[in-house]
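Submitted below is the structure of interest, expressed as structure tokens.
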Amino acid sequence: MIDLIAGTNRLRLIAIAVVLAALVTLPFWVSGIYYINVGSQILFFAVFALGLNILVGYAGLVSLGHAGLFGISAYATAYMLQLGAGHTTAIMVALVIGVASMAVFAVLSLRSSGIGFIMITLALGQILWGLAYRWISVTDGDNGIPVRGRPAPFGYSLTDPVNFYYASLIVFIVAVAMVFIFVRSPFGAALMGTRDQPRRMNALGYHVWMIRFYACLFSGLLTAVSGILFVYYTNFISPQTLALTASAEVLLMVISGGPGTLLGPIVGATLVVVIKTVVSGFIERWNFLLGAIFVAIVILVPEGIVPGSVRLWHLIARKRAATPAAAEAEPTATERTP
Amino acid sequence: MNFWLVLTVNSVTFGGLLFLLASGFSLIFGLMRIPNLTHGSLFMLGAYIGGSIVIGLFGFKMNFWLAAVLAALTVAALGALIERFLLRQLPGDQLAQVLVTLGISFMAADFCLMVWGGDPMSVTTPEGLGGFARIGGAVFPLYRLAIIAIAVVVAIALWLLLDRTRLGAMIRAGVDDPDMARVVGIRVSQLFTIVFALGAGLAAFAGIIGGPILSVYPGLDQDMLPLALLVVIIGGAGSLLGSFVGSILVGFIYNFGQALLPELAYFVLFLPMLLVLLLRPQGLFGRHVP
């Protein structure tokens, strides 16, 4: 861990410290509960996007059914609470159900990768949506399930928006740390190997299917955690949360920010939540805009905003460094590593 | 006895509609290797456009069948435009193409909501088909029988097109091995536009034909798209026979599920998909795993 931190340069460390300080002190310099709530939303959607990014970015498997998994954990929490279970039990059951559903998703969809994976996860996600919508005796259909009250760990009631914000922040930081360690672990390297060269990895003796399966479980865990935070935030869950639009929204977070980067999904989540909040304030056409942004990003900035601006930054930095000795400066081929 | 018979006719009718929708989806999938996620929206768009023409649009009113053909042609042109100007920008990048079709589907859904509003639109059954046919002791709605007949005619026409014409041979070559097809001089990317337009037109046609049964409402696209996906997963991509068998199968399971287990109708669909994925991942009549 120490040498991991030492490996990152000082500028980056300072940036991380500044962002962290800003996040921790946010409730003090932001006036109004409204904005603190937007902050909480960004944080748990970022956890969701980080979870999806494990598959989209690091495993090269695009899932269009993640809202189903997000929703099933949320439903499990709400349903358990409705049955009269305590918060701890409800959360535990929801985590288990979320990860177990992801396991089922993975077993079915990992029969193929690429387009087949998209299709099967999409179909499975829609089936979960259909279940939430029609299985009225459990989910109450379109009416959804209300959730009364939020837990109060260590005596801090999360009903207070500021406390809820801090709870989300803690979960968010833990999630980021987990993904950070995961990506730099040998397992993370193996996962990226299966993304880039599945056949070679297979020939080297790696069990490609198993590696992808574990990656799915990790992704499912983060998704379930964010789903639970979501249901406590809104105090309500309805089939809308599981719709294809929701899966697309989180995929947009990952793709717009930059799949396969740690920062990308966080930036993407911020972007999508802020645009959605601002836009839905004065027009109803969020879905139209969502679709338009999707098309625009895929065609214009396919690599995502974070890698795109990093590339731009390097380009500018190199140009500036190269100006004194522009004649000798050789164009480097390392600029675009795949 | 009568209940089962009616349910069976309804299942075959729904299967026929699904075939109109899914055959184009399957062809596009087989040829371009992408699931066209706008397919549900094209279905809905066809239904809305056709329905508006039947009711009367700017004083422009038409007979049901003419309206259906006109809606299909309009949406086919739209499909050609989408392929030509958006998907063509991303040659060979299937993932990006899928995401573009997803984005367009949201725009189309919101567009429909903007233009036609949130209230369902009912499409009247075409004249002369509102009645019932008595066969033996059972009574069948004529219109449902007509849909079955249309689906069979379209199936035969598609089969003739694919199996007996030069264009069909080129499409089959493209489905089987696009690289080799290019080598022997077939302009596969031109086929993309043709097949995409054909699929879009068929989907729109299915939408308006299904209008009197399903009615037209926001969210119809998201109801139909997974069914088309299931048909292709079960039947196999790019196979006409596969989409036919898959459609009838899904039609039966969906209708029987809805009648017998209304709460779990969607979930029951999961079972055939599960079986096919476990036992025959390429689909019943597919040649390769997508």
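Per chain, numbering begins at 1; letters A, B, ... match sequence-line order.
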Mind ranking B/Leu99, B/Val100, B/Leu225 by heavy-atom pairs under 4.5 Å with chain A and telling me who comes out on top?
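Result: the option with the highest number of such pairs is B/Leu99.
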Donor + acceptor pair across side chains of A/Glu249, A/Trp286 (<3.5 Å):
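Yes, A/Trp286 and A/Glu249 have a side-chain donor paired with an acceptor closer than 3.5 Å.
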Out of B/Leu261, B/Leu229, B/Leu230, return the one with the most heavy atom pairs under 4.5 angstrom to chain A.
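Ranked by contacts with chain A, first place is B/Leu229.
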Ignoring hydrogens, what is the shortest heavy-atom contact between B/Gly118 and B/Leu113? Give both atom names and the distance.
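So the two residues come closest at CA-CD1, 3.9 Å.
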I'd like to know if the side chain of B/Arg88 and the backbone of B/Ser189 have a donor-acceptor N/O pair within less than 3.5 Å.
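A pair under 3.5 Å: yes.
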Using every non-hydrogen atom in the two residues, find where B/Leu220 and B/Ser215 come nearest and quote the distance to one decimal.
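That would be CD2-O, 4.2 Å.
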Measure from the ring center of A/Phe288 to the ring center of B/Phe106 and say whether it is less than 6.0 Å.
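Ring centres of B/Phe106 and A/Phe288 not closer than 6.0 Å.
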Segment of A/Leu252 engaging chain B (4.5 angstrom heavy-atom cut-off)
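For A/Leu252, neither part sits under 4.5 Å from chain B.
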Interface moiety of A/Val298 toward chain B, non-hydrogen atoms closer than 4.5 Å
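Both backbone and side chain.
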What part of A/Ile255 lies closer than 4.5 angstrom to a heavy atom of chain B: side chain, backbone, both or neither?
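The side chain, not the backbone.
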Any chance CZ of A/Arg200 has more than 12 other-residue heavy atoms, nucleotides or ligands included, within less than 6.0 Å?
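No, not enclosed.
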With a 4.5 angstrom heavy-atom cut-off, which part of B/Leu90 approaches chain A: side chain, backbone, both or neither?
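Contact with chain A: side chain only.
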Sidechain-backbone polar pair: B/Ser105 side chain, B/Thr38 backbone, donor-acceptor under 3.5 Å:
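Checking the backbone N and O of B/Thr38 against the side chain of B/Ser105, no donor-acceptor pair under 3.5 Å is found.
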Do you know which of A/Ser137, A/Ser109, A/Gly125, A/Ala243 has the most heavy-atom pairs under 4.5 Å to chain B?
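Highest number of pairs under 4.5 Å: A/Ser137.
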Under a 4.5 Å cutoff for heavy-atom pairs, which residue among A/Ile118, A/Ile120, A/Leu290, A/Val107 has the most contacts with chain B?
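Winner by heavy-atom pair count: A/Ile120.
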Quick one: of A/Ile299, A/Leu124, A/Asn287, who has the most non-hydrogen atom pairs under 4.5 Å with chain B?
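Highest number of heavy-atom pairs under 4.5 Å: A/Asn287.
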Only pairs of heavy atoms separated by less than 4.5 Å count here; which of A/Leu251, A/Thr139, A/Leu131 has the most with chain B?
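Top option by heavy-atom pairs under 4.5 Å: A/Leu131.
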Picking from B/Leu95, B/Asp223, B/Ile34, B/Thr101, which has the most non-hydrogen pairs under 4.5 angstrom with chain A?
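Top option by heavy-atom pairs under 4.5 Å: B/Leu95.
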Residue part contacting chain A, namely of B/Leu102, when any heavy atom lies under 4.5 Å:
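Looking at B/Leu102, just its side chain touches chain A.
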Stepwise side chain to side chain contact (heavy atoms under 4.5 Å, CB included) check, B/Val195 with B/Glu83
CA-CA 10 Å; B/Val195 166; B/Glu83 203 288 322; over 6 Å; no
